[in-house]
4 protein chains.
Amino acid sequence: MDAKRERIKQAALEIFSSQGYANTTVQQIAERARVGKGTFYTYFATKEDVLTDLLTEGLNNMGQHIEKKIRTIQGSVAKLRAIVREQLRYFHEHQSLCRLITREVWGHSDQSSPLAQRVRSSYLKMLQEVVEKGIKDGELRSLDPQTVATALYGMVSMVALSMKDLPSDTALERVEMTLQELLFSGITTSRMITVEA
Amino acid sequence: MDAKRERIKQAALEIFSSQGYANTTVQQIAERARVGKGTFYTYFATKEDVLTDLLTEGLNNMGQHIEKKIRTIQGSVAKLRAIVREQLRYFHEHQSLCRLITREVWGHSDQSSPLAQRVRSSYLKMLQEVVEKGIKDGELRSLDPQTVATALYGMVSMVALSMKDLPSDTALERVEMTLQELLFSGITTSRMITVEA
Amino acid sequence: MDAKRERIKQAALEIFSSQGYANTTVQQIAERARVGKGTFYTYFATKEDVLTDLLTEGLNNMGQHIEKKIRTIQGSVAKLRAIVREQLRYFHEHQSLCRLITREVWGHSDQSSPLAQRVRSSYLKMLQEVVEKGIKDGELRSLDPQTVATALYGMVSMVALSMKDLPSDTALERVEMTLQELLFSGITTSRMITVEA
Amino acid sequence: MDAKRERIKQAALEIFSSQGYANTTVQQIAERARVGKGTFYTYFATKEDVLTDLLTEGLNNMGQHIEKKIRTIQGSVAKLRAIVREQLRYFHEHQSLCRLITREVWGHSDQSSPLAQRVRSSYLKMLQEVVEKGIKDGELRSLDPQTVATALYGMVSMVALSMKDLPSDTALERVEMTLQELLFSGITTSRMITVEA
DNA sequence: TATGAATGAGAATTCATTCAT
DNA sequence: AATGAATGAATTCTCATTCAT
């Protein structure tokens, strides 16, 4: 039964996300997954393994989900719009995952966790490439792509984390619109005139 | 000697930030602070107390630091500019604190940690008020202030976390400019025309 | 299929001998015997049962083997010679068994393991009887039979344990001769003159 | 208090010897030493560390004790006599140590435990040298020194293990005399005539 | 009969906290 | 005030044994 492995992962995700990885005991995970403590170790070699699994799989899934959505979209601006929309929805729907990534990936220094480093960059790299393309095509302003990608990611994920547990769909849409406006047109009423180097 | 208390706090901050709160032992903190393990408990009742201290004090300090900077500044846009600048510099200079907040405040669900809740909102509230004022004055577009405040915070802090350990001052300035441009004027070359409700 | 039972015993013996009983898992035994872990329990009720089986059977086999060899031999000295020769060869050929006996039988206090007690004495008793007969017949000097039997056993088995894994037959013969000389004629060049009580 | 370290070692020795290392829990050691379980780890890094300590120290002590005794003795035969006497008394007085060595040193294959290898040879080497000297001086017959040393060791230690817990001193003396006779003059009434190569 | 997934009792080890000095 | 030795609760992980297939 591979359903058991999934049950364990799901249980782990939920508890990790609410208490943090380090405060979670294998016992708790097993109980929530309704399996024996020993069974946990039939499916995962160590407690850390579930974490790794959850993080890589979670980010991979989101990455694939989003890539599929934007593949057919023309134009970098439109692509970025879709990314904001999808990342927000994904993290909103998988708030536990988002919290886990924030805690265990962004909350670690690169040196102390090579996993964090790896996981972090996989998704960001895609964002960055979209931004670079947009700049080359003249659709986007010439800003440092890496900074832009990170800022976009940070903006969306922290907003997702702030949303109360189950806001109505309209609330979600309003938040999304706010982020889109902010990101694409800026916060000011009058457009700044900037002379770029 | 109150210097000892500060030494302990500083030591704790550094180790918490690089290993995470839960993976840090009181022994390690004491060693780094060059005091005996028992001495730790002369100054703090529990290990968690240092964390609480660091988080509240850290965010308070940043809040006060920034409030002082913007007090004399006229105009909401100018104020926000200053906030972005100062928060980025503060988090860059205190990357440990930033990481700690990300881990222990944003990485927790509100329910599981009332402290997180409290700490989180104290700084955000100020941001939000500046945004609200700006909207009322017509300087800022009419976007949801809470979302904008959170987005701004997330953007800046994740960018701060991404900066390699000791970038040159010019690098810092370039990142700052990118964020400013992004936030105030948006990412697109052509201003979106949006009809607002 | 009773071959399976033997496969399991053989596998257990080898692993017990090299890692010790307590460090050996049923899993390892099953793997080495090329059966499923559950199958182990078709043939043995508990892990300890295999150990008991191996020890009693091993010592019994050696006992029978040796008794058969000496049955037709006349004279106690000749009998003892044969015993030294055969025990050395048996333990050399079954070094695993010898190590197991040393570990699990001699390495336990009598109280803690009645099995040890029983197993130990079965073979020693035979030795002792041969010695007693020899003394009565005037072939052997009047030394305490129990001590002599134990000494002989200890001498032979520790030497067997010391022999590198696969010494040539001539090496084995040289060792055997050394033991025979030592035991029968003593270590000194000049015969000690001892007045016996 | 370094007495505590000794209490722990003594407790460990006793329990290891009666139940075997692997069956002994740190809990049991701590209880018998009348300290908390955690205290055990103040003095020893791991459970294995006590074992190592006991084995090396035990054999070293015996080695030194015996070397001191024989240093002033002239003649190899006399030296060997003293060795038999002292090893027997030492192992009789420290039966726990003897059992521990038998179990954990002789009961392991060399490959599986480099410690065993090392510990085993340290004492045997000394024995062997005495034998070699005796042969060179013509006091001892020309037998393989390594085999003789091992045989002597095995003989004495297994006899020591067999002695009921607290035999009278006269019993001990009788056993000692038996071993001496056996080792030096051989078991037969008539001296074997052997032509040596 | 053969199997291996499931399980929980149990073991080593860690660590926050206490307390006597 | 400062210290570190002492402690036991708590945690991860192992493994003999059971049992449904």
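Quick caveat: nothing in here was measured; it's all calculated off a predicted structure. Hydrogens, waters and symmetry mates play no part in the numbers below; they use all other heavy atoms, side chains included. Here is the naming used below: chain letters follow the sequence lines, and residue numbers restart at 1 for every chain.
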Selection from [options] that lies nearest to any side-chain heavy atom of [X]:
X: C:K37; options: E:dG4, F:dA10, E:dA16; result: E:dG4
X: D:T42; options: F:dT7, F:dC13, F:dA1; result: F:dT7
X: D:V26; options: E:dA5, E:dA12, F:dA6; result: E:dA12

If you look at every strand shown and take non-hydrogen atoms under 4.0 Å, does C:T25 touch a base, only sugar-phosphate, or nothing?
sugar-phosphate

Estimate the overall bend of the helix from E:dA2-F:dT21 to E:dT21-F:dA2 from the end axes over five pairs each, rounded to 10 degrees.
0°

C:E6 and C:Q10 side chains, donor-acceptor separation under 3.5 Å
no

Minimum heavy-atom distance between [X] and [Y], given as atom pair plus value:
X: D:L54; Y: D:K9; value: CD2-O, 3.7 Å
X: A:F44; Y: A:R5; value: CE2-NH2, 3.3 Å
X: A:E14; Y: A:S96; value: CA-OG, 4.4 Å

Between D:G36 and B:G36, which is nearer to the 5' end of DNA chain F once each is assigned its nearest nucleotide?
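Its nearest nucleotide being more 5', the pick is B:G36.
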
Reading DNA chain F from 5' onward, which residue's closest nucleotide shows up sooner: C:N23 or D:V35?
D:V35

Taking [atom1] from [X] and [atom2] from [N], how many angstroms apart are they, rounded to a whole number?
X: A:Q27; N: F:dT14; atom1: CD; atom2: P; value: 16 Å
X: A:I29; N: F:dC13; atom1: CD1; atom2: C1'; value: 13 Å
X: D:F16; N: E:dA11; atom1: CZ; atom2: P; value: 14 Å
X: A:Y43; N: E:dT7; atom1: OH; atom2: P; value: 9 Å
X: A:Q28; N: F:dA10; atom1: CD; atom2: C1'; value: 11 Å
X: D:F40; N: E:dC15; atom1: CZ; atom2: P; value: 17 Å
X: D:I8; N: F:dA6; atom1: CD1; atom2: P; value: 8 Å
X: A:F44; N: E:dA6; atom1: CZ; atom2: P; value: 12 Å

Okay, side chain of B:E104, backbone of B:L51: is any donor-acceptor separation there less than 3.5 Å?
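Not a single qualifying donor-acceptor pair exists.
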
Counting only N and O atoms by type, is there a donor-acceptor contact under 3.5 Å from the side chain of A:K37 to the main-chain atoms of A:E31?
no

If only side-chain N and O atoms of [X] are considered, is one of them under 4.0 Å from the OP1 or OP2 phosphate oxygen of [N]?
X: D:T39; N: F:dT7; result: yes
X: D:Y41; N: F:dA6; result: no
X: B:K47; N: E:dA16; result: yes

Passing option when A:L13 is tested against A:L100, A:D53, A:V50 for side chain to side chain contact (heavy atoms under 4.5 Å, CB included)
A:L100

Residue pair D:A22/A:R34 against DNA chain E: nearer the 5' end by closest nucleotide is A:R34

Got a sec: does the CD of C:E48 have more than 12 other heavy atoms crowding it under 6.0 Å?
no

